[in-house]
Amino acid sequence: VQLQASGGGLVQPGGSLRLSCVGSGRTFSSYGLGWFRQAPGKERERAAAISWSGASTYYADAVKRRFHISRDNSKKTVYLDMYNLKPEDTAVYYCGAKFKVPYGGDWSTFSSNTVDHWGEGTLVTVSS
């Protein structure tokens, strides 16, 4: 699976942004997908994820009730809708994929250390 992320940019605090990640390959629908982010000087962290079936989602505490992840397998695309953005959301956002996660419903099986395929990052800057 190859992934290509887009949609980053400069947005004011309180604003919204949609990130998209287009995949390729016949097995795209068998992959769990996630959005990870890395702020300057910090480790890459998982922000949101969606299971390979689309039935289950995960959100980090810092983005709960502000971010929404979704997928459209017919377009081989995963989206991240971000609302009420804050300066601390500033980071490079990466999409990542791992086959058939979360294993046993456990989202710890899908972390930045276990991703099978990465897309290139897209920069989100939240600033006035």
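Heads up: numbering here begins at 1 and tracks the sequence. The model shown is predicted, which means the values in this text are computed figures rather than measured ones.
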- Query: Going by an N to O cut-off under 4.0 Å, is there a salt bridge joining K86 and D89?
  - Reply: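 Not counted as a salt bridge, because no side-chain N and carboxylate O are separated by less than 4.0 Å.
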
- Query: Within 45° of the six-membered ring axis of Y79 and under 6.0 Å from that ring's centre, is NZ or CZ of R18 located there?
  - Reply: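 Yes; both conditions hold, so R18 lies above the ring face of Y79.
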
- Message: Quick check on the 6.0 Å ring-centre criterion: do Y31 and H117 meet it?
- Response: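 Here the rings of H117 and Y31 have centres that are less than 6.0 Å from each other.
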
- Query: Between F36 and F110, does the ring centre distance come in under 6.0 Å?
  - Reply: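 Here the rings of F110 and F36 have centres that are less than 6.0 Å from each other.
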
same_hphob_cluster([X], [Y]) at 4.5 Å side-chain heavy-atom cutoff:
{"X": "Y93", "Y": "L33", "value": "yes"}
{"X": "W52", "Y": "V78", "value": "no"}
{"X": "I69", "Y": "V124", "value": "yes"}
{"X": "V63", "Y": "I50", "value": "yes"}
{"X": "W107", "Y": "Y59", "value": "no"}

Nearest 0.5 Å please: distance from the [atom1] atom of [X] over to the [atom2] atom of [Y].
{"X": "Q38", "Y": "L123", "atom1": "CD", "atom2": "CG", "value": "12.0 Å"}
{"X": "Y58", "Y": "R46", "atom1": "OH", "atom2": "CZ", "value": "4.0 Å"}
{"X": "K76", "Y": "Q2", "atom1": "NZ", "atom2": "CD", "value": "11.0 Å"}
{"X": "K75", "Y": "F28", "atom1": "NZ", "atom2": "CZ", "value": "12.5 Å"}

Of the non-hydrogen atoms in [X] and [Y], which two are nearest, and what is the gap between them?
{"X": "G119", "Y": "Y94", "value": "O-CD2, 3.5 Å"}
{"X": "L80", "Y": "A48", "value": "CD1-CB, 4.0 Å"}
{"X": "T122", "Y": "A5", "value": "CG2-CB, 4.3 Å"}

Mark yes or no for whether [X], through its side chain, and [Y], through its backbone, hold a donor-acceptor pair below 3.5 Å.
{"X": "T125", "Y": "L10", "answer": "no"}
{"X": "T57", "Y": "A49", "answer": "no"}
{"X": "T90", "Y": "V126", "answer": "yes"}
{"X": "K98", "Y": "T114", "answer": "yes"}
{"X": "D81", "Y": "L17", "answer": "no"}
{"X": "R65", "Y": "D61", "answer": "no"}
{"X": "T27", "Y": "S30", "answer": "no"}
{"X": "S111", "Y": "S108", "answer": "no"}
{"X": "R44", "Y": "S112", "answer": "no"}
{"X": "S16", "Y": "Y83", "answer": "no"}

- For E45, does the CD atom have more than 12 heavy-atom neighbours from other residues, nucleotides or ligands under 6.0 Å away?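 Above 12, so yes.
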
- Query: More than 12 heavy atoms of other residues, nucleotides or ligands under 6.0 Å from CD of E88: is that the case?
  - Reply: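 Buried by this count: over 12 neighbours within 6.0 Å.
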
- Derivation of the side chain to side chain contact (heavy atoms under 4.5 Å, CB included) call for M82 and L19: CA-CA 8 Å; M82 304 183 291; L19 305 183; 3.7 Å; yes

- Message: Show, in sequence, the C-alpha distance, side-chain angles and deciding distance for L3 and W118, and conclude whether the side chain to side chain contact (heavy atoms under 4.5 Å, CB included) test is met.
- Response: CA-CA 6 Å; L3 303 168; W118 286 108; 6.0 Å; no

- Query: Are side-chain heavy atoms of S127 and P13 found at a separation under 4.5 Å?
  - Reply: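 They are not in contact (no side-chain heavy atoms under 4.5 Å apart), so the answer is no.
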
